[in-house]
Student: 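Shown below is the structure under consideration.
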Amino acid sequence: MGLLSIIKKQKLKDKELRILILGLDNAGKTTIVKKIINEDVSKVSPTMGFQISTVLYKEYNLNIWDIGGQTSLRAFWGNYFDKTDAIMWVIDGLALERLNESFKELKEKILLQDRLVGIKVLILVNKVDLLDDYEEVEREVSSLLNVDEKIPANQQWKVLSISGKTGFGIIEALEWCIS
Ligand SMILES: Nc1nc2c(ncn2[C@@H]2O[C@H](COP(=O)(O)OP(=O)(O)OP(=O)(O)O)[C@@H](O)[C@H]2O)c(=O)[nH]1
Ligand SMILES: [Mg+2]
């Protein structure tokens with residue numbers, strides 16, 4: 001291998017990001033990933049383990065780890081934490097009655113984990129294609145997260161609206177991850 005190709009390979013490695021996509025079951029994680037990698041989103045089924053997808057976005061090689069969110073699988077989330085650069089936490093915008101469950105899992109299984117301290121968390125309110133006023137829901141989610149120290153003060157986080165079905169908000173989400 002020539003020196004130039006070694007340097008090139010190293011450069012690409014430097015720009016490799018590992019992103020975990022997590023959240024409750026049925027939130028729409030797999031659909032979002034499929035949209036990012038340009039696959040058909042009309043057929044998805046619950047993720048029983050995990051699936052890694054790699055996509056080149058700008059000069060970044062994004063390794064996206066899509067992990068099943070069913071209750072029985074949540075105990076295994078910790079197996080995937082090492083070397084994570086960012087977390088996308090997906091919320092089902094059509095199931096706001098599950099917000100408390102979602103926030104509880106976010107806090108206990110993600111934000112309070114030593115291995116994830118300092119990692120940026122992007123909270124995605126998904127399925128906004130079916131919401132009349134997604135901005136209102138986004139505001140509501142943000143304000144709920146601000147109360148009761150649900151998110152530690154030093155945590156870098158942001159709430160964004162997204163639709164895995166239509167692709168709305170996906171570029172903004174990827175931009176935040178690489179920023
Ligand atoms: N309308 C609408 N439906 C969506 C959207 N994203 C996902 N869905 C639907 O929500 C359901 C669950 O989607 P999945 O992507 O399998 O959800 P998941 O978070 O990966 O679920 P687990 O793998 O069980 O953790 C499917 O019926 C999707 O078609 C969206 O943006 N809009
Ligand atoms: Mg899934």
Side-chain angles (χ1 to χ4, degrees), residues 17-55 57 62-82 84-111 113 116 119-142 144-145 150-151 157-177:
L17 293 181
R18 176 171 161 139
I19 300 168
L20 297 189
I21 179 156
L22 286 161
L24 302 184
D25 48 288
N26 205 51
K29 301 176 290 297
T30 303
T31 308
I32 292 170
V33 175
K34 280 184 165 236
K35 197 72 187 177
I36 293 173
I37 62 175
N38 239 334
E39 272 186 13
D40 179 14
V41 294
S42 64
K43 289 176 222 90
V44 286
S45 43
T47 309
M48 291 321 212
F50 69 96
Q51 172 112 36
I52 312 166
S53 303
T54 301
V55 67
Y57 180 69
L62 307 179
N63 294 316
I64 306 175
W65 291 61
D66 170 24
I67 301 162
Q70 290 180 49
T71 322
S72 57
L73 300 172
R74 295 178 200 162
F76 303 105
W77 285 353
N79 294 349
Y80 307 97
F81 288 169
D82 285 343
T84 300
D85 295 295
I87 287 176
M88 291 186 186
W89 182 263
V90 184
I91 287 171
D92 184 344
L94 300 180
L96 296 179
E97 73 283 357
R98 295 189 76 189
L99 264 188
N100 269 339
E101 183 191 358
S102 177
F103 289 165
K104 185 172 172 283
E105 295 294 46
L106 171 63
K107 187 166 186 181
E108 286 175 9
K109 298 216 166 63
I110 307 296
L111 302 176
Q113 296 300 316
L116 296 179
I119 283 168
K120 43 204 259 171
V121 177
L122 182 60
I123 291 148
L124 296 173
V125 180
N126 189 33
K127 311 193 186 180
V128 299
D129 53 295
L130 295 181
L131 290 179
D132 290 333
D133 189 353
Y134 72 86
E135 282 169 326
E136 175 57 28
V137 175
E138 191 180 302
R139 270 194 299 275
E140 198 181 314
V141 169
S142 302
L144 281 173
L145 278 167
K150 282 202 182 68
I151 285 207
W157 64 285
K158 186 184 172 72
V159 177
L160 271 183
S161 293
I162 201 166
S163 167
K165 270 267 157 80
T166 65
F168 175 85
I170 279 180
I171 293 295
E172 229 180 322
L174 294 180
E175 281 295 321
W176 192 80
C177 286

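Both counts, for ligands and for their atoms, begin at 1 and track the order of listing. Fair warning: this is a prediction, and the values are worked out from it, not measured in the lab. Sequential numbering from 1 along the given sequence is applied to the chain's residues.
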Student: May I ask you to check if any N/O/S atom from Thr30 comes under 2.8 Å of the Mg ion (ligand 2)?
Tutor: yes
Student: Does the pair Glu101/Lys104 count as a salt bridge with the N-to-O cut at 4.0 Å?
Tutor: no
Student: Indicate, with yes or no, if the rings of Tyr134 and Phe168 have centres closer together than 6.0 Å.
Tutor: yes
Student: What residues come within 4.0 Å of ligand 1, counting heavy atoms only?
Tutor: Leu24, Asp25, Asn26, Ala27, Gly28, Lys29, Thr30, Thr31, Val44, Pro46, Thr47, Gly68, Gly69, Asn126, Lys127, Asp129, Leu130, Ser163, Gly164, Lys165
Student: Going by atom types alone, do Trp89 and Ser102 pair a side-chain donor with an acceptor below 3.5 Å?
Tutor: yes
Student: Minimum heavy-atom separation for Leu94 and Leu131, please, with both atom names.
Tutor: CD2-CD2, 3.8 Å
Student: Taking both backbone and side chain into account, is any N, O or S atom of Thr47 nearer than 2.8 Å to the Mg ion (ligand 2)?
Tutor: yes
Student: Report the residue from Val137, Leu124, Leu99, Asn126 that forms a side-chain contact (heavy atoms from CB on, under 4.5 Å) with Ile91.
Tutor: Leu99
Student: Any side-chain to backbone donor/acceptor pair from Arg18 onto Leu62? Under 3.5 Å, distance only.
Tutor: no
Student: Evaluate the side-chain proximity of Leu24 to Arg74: yes if any heavy-atom separation is below 4.5 Å, no if none is.
Tutor: yes
